[in-house]
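Being a predicted model, the structure only gives us computed values, none of them experimental. First listed ligand is number 1; within each ligand, the first listed atom is number 1.
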Amino acid sequence: MLACSFLLFFAAIYHSVIGGVDRVFNNSAIDVITNWGYPLEIHIVLTKDGYIIDLFRIPHGRFSNGNSSCHRPAVLMAPGVVGGASQFFLNPPESSPAFILADAGIDVFLLNYRGTTYGKRHITLQPGNNKFWQFTLDELAKYDAPAAINKVLAVTGKKSLYWIGHSQGTAVGFMTLADNPKYNRKVKALFQLGPAGTSGYAKGMMRFAFLAFKNIKPLVDLYRIALGSHEIIFGQDSVYISLCEFSPFNVSGVCEHGIYSLFDSLTISLNATQESELFAHEHSGTSTWILLHWAQMAARQTVEHMDHNPIINLVRYGQETPPPYNYTNINVPVYLFWSKDDWMTTAEEIEHIILKMLRKEIVKGGREIPRYSHADFIEATDCADMVFNPISEIIRKQEIGMCDLYE
Ligand SMILES: *[C@@H]1O[C@H](CO)[C@@H](O)[C@H](O)[C@H]1NC(C)=O
Ligand SMILES: *[C@@H]1O[C@H](CO)[C@@H](O)[C@H](O)[C@H]1NC(C)=O
Ligand SMILES: *[C@@H]1O[C@H](CO)[C@@H](O)[C@H](O)[C@H]1NC(C)=O
Ligand SMILES: *[C@@H]1O[C@H](CO)[C@@H](O)[C@H](O)[C@H]1NC(C)=O
């Protein structure tokens, strides 16, 4: 297993450095939104450190012309590590989070992080340059999230928005408010789906990957210092296909169910007819340093900033060790949606990390969903009933004069 995760890690780097290909989308994320009959706006966001990312907006639902005088609260959705905004509209409208919320009268904004398909630009750096990829969770929380929040507020003229995060998107939400407490005034509530703590309690392949990380850490440090950072691509057409052609790797249904099945319990409710479309959109890139950051937090069971090296740490943080994130600073209502069958965010993770770090009085609701895998929160055919209708009802209770389906 150790050798396996090692292989996976370096195969991914190999692929992105040497075998990188331009990926062709048959059906771009943009086409998918408009083909289902939804309006789409793309707002360009410039981060303080020079990245240019696309912020998608679905300003109203497909049964509305957007002209009524009713009120549409703004929601910013932050995806997980393996993708960009497209993770929120992989399914038909009835089971796609972004569409469910737009039809419920919400002004939906979808964040694409730097490094993903719609975040591959920078004012001076090219994605072919290693420097482009030198970012961790810290930069997503320090630059991408605040820039996106400010853009949403500027575009809508509103004073605050709701944050809906999935997986890594939950961590980015927590970290943003922890490190930059003035953003507590710009966020009305955090809805956290498959909430991520350190991922130190993950089950499945992830556990082995992190164990391996502990053992090969000197090698990883060497890589980080000598080679910088690289793009890592997730998805069927890259690492995955090359590995599946290598028969020893094709075991226990991995090549049929997707590489994801190594990391998550098999989803019970995924609409299998969507799988090819799903993979066509899910293979956004990210930086190897993001994975190292997760591995570091998992190994130390602490939500903290990236440990670069004592000298760089001193420059960045004013101390030789990476400071933990102070979740006591978070001061908005938090709603946690989780499942005992989620291998990435286990019940232990919620209990030992997340609930220990957050102030008790801000945790407004914990909703345990039976038999959900980590991906099910955003992909399951019943995610409207289990997750997104409950969220829009909570929002509706707080917002006077909110639009309805046909308004
Ligand atoms: C919305 O209203 C404006 C004028 O108030 C009008 O020009 C526009 O065509 C309307 N749009 C739709 C989709 O009905
Ligand atoms: C993996 O193995 C199964 C049989 O166990 C086979 O049907 C499938 O085509 C293989 N997948 C790939 C990508 O080679
Ligand atoms: C799965 O998706 C297809 C294609 O959109 C749809 O026709 C079918 O009803 C969906 N199945 C379920 C269980 O939602
Ligand atoms: C975390 O922030 C709270 C205020 O929100 C402060 O009282 C506390 O001292 C901080 N903890 C650390 C370790 O800095």
Side-chain angles (χ1 to χ4, degrees), residues 47-49 76 78 111 135-150 152-153 158-165 167-201 210 214 289-290 292-338 345 348-366 394 398:
T47 68
K48 277 199 176 141
D49 60 344
L76 178 59
L111 177 58
F135 58 82
T136 66
L137 294 168
D138 300 333
E139 281 71 31
L140 305 188
K142 188 173 178 188
Y143 301 116
D144 293 9
I149 291 172
N150 290 334
V152 171
L153 302 184
K158 297 207 173 352
K159 288 204 173 65
S160 52
L161 54 75
Y162 294 91
W163 177 281
I164 300 180
S167 186
Q168 176 173 285
T170 67
V172 173
F174 284 140
M175 289 171 170
T176 301
L177 301 189
D179 248 17
N180 213 334
K182 69 171 192 248
Y183 279 82
N184 282 297
R185 289 198 298 273
K186 304 188 182 196
V187 175
K188 280 188 202 169
L190 297 172
F191 294 97
Q192 306 285 53
L193 322 178
T198 62
S199 65
Y201 292 91
F210 289 150
K214 277 194 188 169
W289 281 14
I290 293 254
L292 294 181
H293 195 175
W294 276 117
Q296 172 197 311
M297 296 201 301
R300 300 185 189 172
Q301 305 261 13
T302 314
V303 179
E304 60 186 10
H305 293 73
M306 177 77 165
D307 189 1
H308 290 271
N309 66 44
I311 298 165
I312 297 178
N313 290 345
L314 201 60
V315 174
R316 285 182 171 237
Y317 315 127
Q319 59 185 68
E320 287 183 10
T321 53
Y325 278 90
N326 185 354
Y327 279 21
T328 315
N329 288 333
I330 301 171
N331 192 25
V332 304
V334 174
Y335 298 85
L336 302 171
F337 290 73
W338 62 283
T345 298
E348 291 80 14
E349 185 89 33
I350 306 258
E351 191 186 330
H352 298 308
I353 304 286
I354 296 177
L355 291 180
K356 279 221 172 104
M357 291 176 70
L358 294 174
R359 286 194 282 121
K360 275 198 183 59
E361 65 272 22
I362 65 167
V363 180
K364 295 297 177 199
I394 294 169
Q398 301 180 32

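- Scored by the side chain to side chain donor-acceptor pair (under 3.5 Å) test, T302 finds no partners at all (sequence neighbours excluded).
- The environment of NZ in K188 is crowded: more than 12 heavy-atom neighbours from other residues, nucleotides or ligands sit within 6.0 Å.
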Margin query: Apply side chain to side chain donor-acceptor pair (under 3.5 Å) to residues D307 and Y317 and explain how you reach the verdict.
Written below: CA-CA 10 Å; D307 189 1; Y317 315 127; over 6 Å; no

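- Checked by atom type and distance alone, the side chain of D144 never pairs as donor or acceptor with a backbone atom of T47 at under 3.5 Å.
- Sorted by chain and number, the residues within 4.0 Å of ligand 4 by heavy atom are N326, T328, N329.
- Residues satisfying the salt bridge (Lys or Arg N to Asp or Glu O under 4.0 Å) criterion with E139, sequence neighbours excluded, are R316.
- Every residue meeting the side chain to side chain contact (heavy atoms under 4.5 Å, CB included) condition with E348, not counting sequence neighbours, appears here in chain and number order: Y201, T346, H352.
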